[in-house]
Structures are given as C-alpha cells and as structure tokens.
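All of these numbers come straight from a predicted model, not from anything done at the bench. Any value given below was found using the heavy atoms of this structure, including those in side chains, with hydrogens, waters and symmetry copies removed.
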Amino acid sequence: IAFVADHSLRRASIHINAADQMFEVAASSAPKAVIFDPDHEFLRDLPKQPWTAEELPYVFLYAPNPTDMETAMNRLLEGAPTDETLRMIAGRLRQDTQPFPAIPNTSRLANLGNKVLHEFFLAETSHPNYERRANAATGLARLATGAEDRKRLRQLLGDDQPYDVVAAAL
C-alpha cells in the first residue's frame, strides 16, 4: 500500500491472505489518503477505489500511477468543483510538461468554462502534447477575454499545428 502523510507518499508492505482483512501500519499521524496497489501490480481487480472525498485531493497530487490520478481528478470534477479545487488541479497539471503527460485528457476542465482556469489554458496552448493543446484551445475559446486571447487562438490556426488543435481553435 501507499499512504500520504506529511505531504509525501510513503509505502508499506502488507500481506493479504483473506478477502476481508484488517492491518495496521505504523505512522506518526493518521494518513491523508491510502492507496491500495499504488503501482497496479496486484492480480486482483479493485473495481472501485474506496477513496473518500477528503482523500481525493491527496490521491490526485501524490498517486504514483496516472490511472489513479485521473480517477481522482474526475471524481473531484463531479458536481460543482470549487475554485480552490480547480486551482489545485490546474497547478498539478501544469507541472507535467512532457510530450506524453500522465493525464493527457483535460477536456472536462475545458468544458467547465470557469474563469479560474484562464491562465492554465493560456499556458497549455503551448503544451507539447497535442491533446492537451487542443483542450487548451477549447478552454481558452470559452474564456477569451480580450485581444491577446484571440491573438493566441489565431496562432493555433497555423499549418504547424495538428488538425485537432486547429479545429478547437476555430
């Protein structure tokens, strides 16, 4: 298992030998979140992670597996997420600037049309991942507030951009 404590991910080995089992892990304080099978190596399927609403931000921020991160993000986006939650999600996603990011699909954020995400989408229009860039164009188009935003969207219409990015910028 892995657990989040003191703003870091810690791991502990446990031995599972029953369908329903209790175990204890020594820690200086109660963990903020517990992630069973953090590397997805367990041979048994866990169809629904038992994370509480309070654990979701920590799972999103610290989970080592992108599947868990994305699951937590999508659950955080259900209903009407707070501006604080959106800032937290955008802040974490902005750290992943690789061509193949852990979470390539940010369309749920783009579809929210929340002004808190304006700077995130503006920055994402330069992301090396095409899907993230296309979602950024969609999000920015929904939130465009002035000439600078329209100028950036026009720059995404060039022949140096993938079709999906151009289509979203239109």
Side-chain angles (χ1 to χ4, degrees), residues 2-4 7-9 31-38 40 46-170:
F3 58 97
V4 179
H7 300 289
S8 66
L9 185 74
K32 299 292 185 184
V34 176
I35 303 170
F36 294 94
D37 191 21
H40 291 243
L46 299 174
K48 184 177 187 303
Q49 291 288 355
W51 300 316
T52 64
E54 292 78 21
E55 289 178 297
L56 290 174
Y58 297 99
V59 173
F60 174 70
L61 291 171
Y62 296 101
N65 188 288
T67 301
D68 291 336
M69 288 175 59
E70 189 167 26
T71 298
M73 180 183 81
N74 287 333
R75 285 186 51 199
L76 285 164
L77 292 174
E78 290 174 357
T82 65
D83 288 354
E84 180 183 351
T85 296
L86 294 177
R87 283 186 193 97
M88 185 250 330
I89 290 171
R92 174 63 182 92
L93 291 174
R94 283 182 86 167
Q95 294 174 9
D96 194 349
T97 59
Q98 299 301 311
F100 301 100
I103 299 177
N105 186 347
T106 56
S107 62
R108 288 189 67 183
L109 288 173
N111 291 333
L112 288 175
N114 189 307
K115 65 182 184 240
V116 167
L117 298 170
H118 178 267
E119 293 303 314
F120 168 71
F121 288 127
L122 189 59
E124 287 276 292
T125 61
S126 299
H127 199 284
N129 180 271
Y130 297 158
E131 186 174 0
R132 289 273 286 263
R133 201 175 325 146
N135 290 326
T138 299
L140 186 60
R142 288 178 178 258
L143 299 170
T145 58
E148 288 300 314
D149 290 340
R150 287 189 295 278
K151 177 181 175 185
R152 181 62 188 133
L153 287 168
R154 277 193 302 277
Q155 291 170 342
L156 295 175
L157 298 175
D159 59 1
D160 61 333
Q161 297 292 330
Y163 176 75
D164 290 345
V165 174
V166 172
L170 289 174

Taking atom [atom1] of [X] and atom [atom2] of [Y], what is their separation to the nearest 0.5 Å?
X      : Y      : atom1 : atom2 : answer
Arg75  : Leu56  : CZ    : CG    : 4.5 Å
Thr85  : Leu77  : OG1   : CG    : 8.5 Å
Thr145 : Leu122 : OG1   : CG    : 9.0 Å
His7   : Tyr58  : NE2   : OH    : 6.5 Å

Is a donor on one side and an acceptor on the other found under 3.5 Å between the side chain of Arg132 and the backbone of Leu93?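 The answer is yes, because a donor-acceptor pair under 3.5 Å joins these two groups.
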For a 4.5 angstrom cut-off between non-hydrogen side-chain atoms, does [X] reach [Y]?
X      : Y      : value
Asn105 : Glu131 : yes
Asn135 : His127 : no
Arg92  : Met73  : no
His118 : Leu140 : yes
Ile89  : Phe60  : yes

Can you list every salt bridge (charged side-chain N to carboxylate O under 4.0 Å, His left out) pair that touches residues 80-89, not counting sequence neighbours?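 Found none.
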Provide the closest heavy-atom pair for [X] versus [Y] in the form atom of the first, atom of the second, distance.
X      : Y      : result
Trp51  : Val34  : NE1-O, 3.0 Å
Pro99  : Asn129 : O-ND2, 2.9 Å
Leu112 : Pro81  : CD1-CG, 4.2 Å
Ala63  : Asp68  : CB-CB, 3.8 Å
Thr138 : Ala168 : OG1-CB, 3.4 Å
Asn114 : Leu143 : O-CD1, 3.3 Å

Can you tell me if CZ on Phe3 sees more than 12 non-hydrogen neighbours from other groups inside 6.0 Å?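 Yes, because the 6.0 Å sphere around CZ of Phe3 holds more than 12 heavy atoms from other groups.
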For Glu148, all residues meeting side-chain hydrogen bond (donor to acceptor under 3.5 Å, both in side chains), sequence neighbours excluded: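 In terms of side-chain hydrogen bond (donor to acceptor under 3.5 Å, both in side chains), with neighbours along the sequence ignored, Glu148 is linked to no residue.
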Once side-chain hydrogen bond (donor to acceptor under 3.5 Å, both in side chains) is applied, do any residues pair with Gln161, and if so which ones, sequence neighbours excluded?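 Here the qualifying residues are Arg133.
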Only counting residues at least two apart or in another chain, list the ones meeting side-chain contact (heavy atoms from CB on, under 4.5 Å) with Pro38.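 Checked Pro38 against side-chain contact (heavy atoms from CB on, under 4.5 Å); matches are Ala2, Arg11, Ile35, Pro64.
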Taking side-chain contact (heavy atoms from CB on, under 4.5 Å) as the definition, give me every residue that meets it alongside Pro57, ordered by chain and number, with sequence neighbours left out.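 Leu76, Met88.
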Does anything in residues 93-104 pair up under side-chain hydrogen bond (donor to acceptor under 3.5 Å, both in side chains), and if so which pairs, sequence neighbours excluded?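 The answer is none; no pair qualifies.
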